[in-house]
Amino acid sequence: DALSTGVNALTMNVTGALTDAAADADNTKVDLTASTLTISGATTIGQSTGDALNIAADTLVINASDGAAFITESNGVALGTVNVGTDAGDDLWLSVAGNITDGTNASAVTANDLTLIATGSGNAIGDGAADTDDINVALTGVLTATAATDGGGIFISETGDTTLGA
């Protein structure tokens, strides 16, 4: 890991782009490890789907980012408030090797376009046990979500209109 706080929280106040130093060949090396990772103020996070910021965090919070965010997570993550903005280009792409959960029933994802991917057998986006376990989103663009076909599911609550991606 480039930066690890182990079981402690990590807060990063960034005034520019937050990227890794160089793309590893298969984009799997973990860049940041923390129990709760909070990123504030970044203009972009990661560079692309092929060169994302790779994290290992129990909870992810993004405050007042303004620009695209490309993030991979290594074992499942709970979403807190995740705000990358709502203008064109303020997009969030999150690929997780595990479940994407609602944490403490307080997920609030704000973005233009949102792509959520839960990879691995049986992994889901949201829980579906109750409406309070859904991933709560407010989007101005397109929603694309992919979860495992063998026991996973997708449980999202949208505030406003929803445009579905391919």
Side-chain angles (χ1 to χ4, degrees), residues 1-12 14 17-42 44-65 67-85 90-128 133-137 139 143-156 165:
D1 298 2
L3 182 58
S4 176
T5 62
V7 297
N8 297 308
L10 172 62
T11 299
M12 300 189 70
V14 181
L18 176 58
T19 60
D20 54 5
D24 54 300
D26 60 0
N27 196 40
T28 59
K29 181 180 177 194
V30 174
D31 302 310
L32 300 172
T33 300
S35 63
T36 298
L37 175 60
T38 302
I39 301 170
S40 297
T44 58
I45 300 169
Q47 296 180 28
S48 66
T49 58
D51 189 13
L53 185 69
N54 306 311
I55 67 170
D58 297 330
T59 303
L60 175 64
V61 175
I62 300 174
N63 295 315
S65 178
F70 303 96
I71 300 170
T72 64
E73 204 286 332
S74 64
N75 60 4
V77 68
L79 299 180
T81 298
V82 176
N83 183 355
V84 297
D90 293 344
D91 304 329
L92 173 61
W93 180 88
L94 177 63
S95 180
V96 177
N99 292 306
I100 301 173
T101 63
D102 183 36
T104 58
N105 300 327
S107 66
V109 179
T110 303
N112 179 45
D113 292 344
L114 174 63
T115 300
L116 297 175
I117 304 164
T119 64
S121 179
N123 291 321
I125 299 170
D127 184 334
D133 296 331
D134 294 352
I135 303 299
N136 303 304
V137 302
L139 308 176
L143 170 65
T144 304
T146 305
T149 58
D150 58 345
I154 300 172
F155 306 94
I156 295 174

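Values below: all heavy atoms of this structure, side chains included; hydrogens, waters and symmetry mates excluded. Keep in mind that what you see is a predicted model, and the values were worked out from it rather than measured. Numbers here simply count residues along the sequence, with the first being 1.
- Looking at heavy atoms from C-beta onward, Ile117 lies in side-chain contact with Trp93 at the 4.5 angstrom threshold.
- Asn112 meets the side-chain hydrogen bond (donor to acceptor under 3.5 Å, both in side chains) test with Asp91, Thr140; sequence neighbours excluded.
- Nearest heavy atoms, Ala147 versus Gly153: CB-O, 3.5 Å.
- The two atoms that bring Ala9 and Ala34 nearest to each other are C-CB, 4.4 Å, heavy atoms only.
- A distance of 9.0 Å separates CD1 of Ile100 from CG of Asn123, quoted to the nearest 0.5 Å.
- Applying the side-chain contact (heavy atoms from CB on, under 4.5 Å) test to Asn83 and every residue at least two apart in sequence or in another chain returns Thr110.
- In this structure, Ile39 and Ile45 approach most closely via the heavy-atom pair CG2-CD1, 3.9 Å.
- Between Thr119 and Ala97, the shortest heavy-atom contact is OG1-CA, 3.2 Å.
- With sequence neighbours excluded, the residues satisfying side-chain contact (heavy atoms from CB on, under 4.5 Å) with Ser48 are Asp51.
- The distance from the CG atom of Leu116 to the CD1 atom of Ile135 is 7.0 Å, given to the nearest 0.5 Å.
- Every residue meeting the side-chain hydrogen bond (donor to acceptor under 3.5 Å, both in side chains) condition with Asp150, not counting sequence neighbours, appears here in chain and number order: Ser121.
- Within the 4.5 Å cutoff, the side chain of Asn136 has heavy atoms near those of the Asp102 side chain.
- Put simply, the side chain of Lys29 does not reach to within 4.5 Å of the side chain of Asp20, judged on heavy atoms.
- The distance from atom OG1 of Thr101 to atom CG of Asp133, rounded to the nearest 0.5 Å, is 9.0 Å.
- In this structure, CG in Leu10 is found 8.0 Å from OG1 in Thr38, a value given to the nearest 0.5 Å.
- Across Leu53 and Leu18, no two heavy atoms sit closer than the pair CD2-CD2, 3.8 Å.
- Annotation: side-chain contact (heavy atoms from CB on, under 4.5 Å) contacts of Ala124 (sequence neighbours excluded): Asn99.
- Here Asn8 contributes atom CG and Thr36 contributes atom OG1; the two are 10.0 Å apart, rounded to the nearest 0.5 Å.
- From Thr144, atom OG1 reaches atom CG of Leu139 across 10.0 Å, with rounding to the nearest 0.5 Å.
- In terms of the side-chain contact (heavy atoms from CB on, under 4.5 Å) criterion, residue partners of Asp58 (sequence neighbours excluded) are, by chain and number, Ser35.
- Across every non-hydrogen atom of Leu32 and Val30, the tightest pair is O-CG1, 3.5 Å.
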Contacts table for residues 71-81: side-chain donor-acceptor under 3.5 angstrom, sequence neighbours left out:
residue: Thr72; atom: OG1; partner: Asn54; partner atom: OD1; Å: 2.4
residue: Glu73; atom: OE1; partner: Asn75; partner atom: N; Å: 2.7
residue: Glu73; atom: OE1; partner: Gly76; partner atom: N; Å: 2.7
residue: Glu73; atom: OE2; partner: Ala57; partner atom: N; Å: 2.9

